[in-house]
Amino acid sequence: MKQLLIIFHSITGGSEQIAQAVAQGARKEPEIEVILRHAQHVQPEHLLSASGYIFIAPEMLGSLSGIMKDFFDRTFYQVLDELNGRPYAALICAG
């Protein structure tokens, strides 16, 4: 079974609503296990076990939110060469 990892960070609740809606839609596919995780709690092993990813975060002053940036900073180099070619999408929630 393929695993879709949805990683999100939300401040006002908008990004979390998007993440919940995406997860709800993805769960309609019987061949996909959907995992929804807050960016603060994602570790490299979560990334390595997933088949694909959706990253959802708010826009903050024209940039990515700090907690989502922290997630990428904490995990990027540990999984860099092992995730090549896996599908992903990025969604930004902006005012």
Side-chain angles (χ1 to χ4, degrees):
M1 177 176 283
K2 293 187 179 196
Q3 186 183 89
L4 174 63
L5 178 58
I6 300 170
I7 301 166
F8 76 96
H9 172 241
S10 191
I11 294 173
T12 65
S15 294
E16 185 171 7
Q17 286 179 338
I18 293 169
Q20 293 288 346
V22 169
Q24 182 180 3
R27 287 187 176 118
K28 292 179 182 177
E29 291 295 324
E31 306 279 325
I32 299 175
E33 176 187 11
V34 177
I35 306 293
L36 183 64
R37 290 197 185 273
H38 191 281
Q40 285 181 310
H41 305 296
V42 177
Q43 298 299 319
E45 56 268 18
H46 299 127
L47 294 166
L48 293 171
S49 66
S51 308
Y53 316 92
I54 300 178
F55 306 103
I56 304 169
E59 170 270 334
M60 302 295 296
L61 301 170
S63 187
L64 191 62
S65 69
I67 292 185
M68 187 60 95
K69 174 80 167 75
D70 171 73
F71 150 72
F72 284 115
D73 289 344
R74 285 185 296 104
T75 62
F76 180 76
Y77 286 108
Q78 296 175 59
V79 300
L80 178 61
D81 292 326
E82 299 187 47
L83 303 184
N84 294 341
R86 294 186 194 185
Y88 74 93
L91 304 173
I92 303 297
C93 182

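Residue Ile11 shares its hydrophobic cluster (ILVMFWY side chains chained together at separations under 4.5 Å) with Met60. Annotation for Tyr77: hydrophobic cluster partners, listed by chain and number, are Phe76, Leu80 (ILVMFWY side-chain heavy atoms under 4.5 Å, direct or chained). Taking a 4.5 Å side-chain heavy-atom cut-off between Ile, Leu, Val, Met, Phe, Trp and Tyr, the cluster of Ile18 extends to Leu4, Ile6, Phe8, Val22, Ile32, Val34, Leu36, Ile54, Ile56, Leu91.
Applying the side chain to side chain donor-acceptor pair (under 3.5 Å) test to pairs two or more places apart or on separate chains, those with a residue in residues 6-32 are His9-Ser65. Within the structure, the side chain to side chain donor-acceptor pair (under 3.5 Å) test picks out the following pairs touching residues 83-95 (sequence neighbours left out): Tyr53-Arg86.
For the residue pair Ala39 and Arg74, the shortest heavy atom distance occurs at O-NH2, 2.8 Å. Nearest heavy-atom pair across Val42 and Thr75 is O-CG2, 4.1 Å.
Residues Asp70 and Gln40 form no side-chain contact, since every pair of their non-hydrogen atoms from C-beta on lies 4.5 Å or further apart. Between Leu47 and Phe71 the shortest side-chain heavy-atom distance falls below 4.5 Å.
For Asp73, the salt bridge (Lys or Arg N to Asp or Glu O under 4.0 Å) test picks out Lys69, with sequence neighbours left out. Under the rule for a side chain to side chain contact (heavy atoms under 4.5 Å, CB included), the partners of Glu33 that lie at least two apart in sequence or sit in another chain are Met1, Gln3, Ile35. Every residue two or more places apart in sequence or in another chain that forms a side chain to side chain contact (heavy atoms under 4.5 Å, CB included) with Glu45 is listed here: Gln43.
Residues Ile67 and Phe72 do not share a hydrophobic cluster, clusters being chains of Ile/Leu/Val/Met/Phe/Trp/Tyr side chains in contact below 4.5 Å.
Once rounded to the nearest 0.5 Å, the distance linking CD of Glu59 with CD1 of Ile92 reads 8.5 Å.
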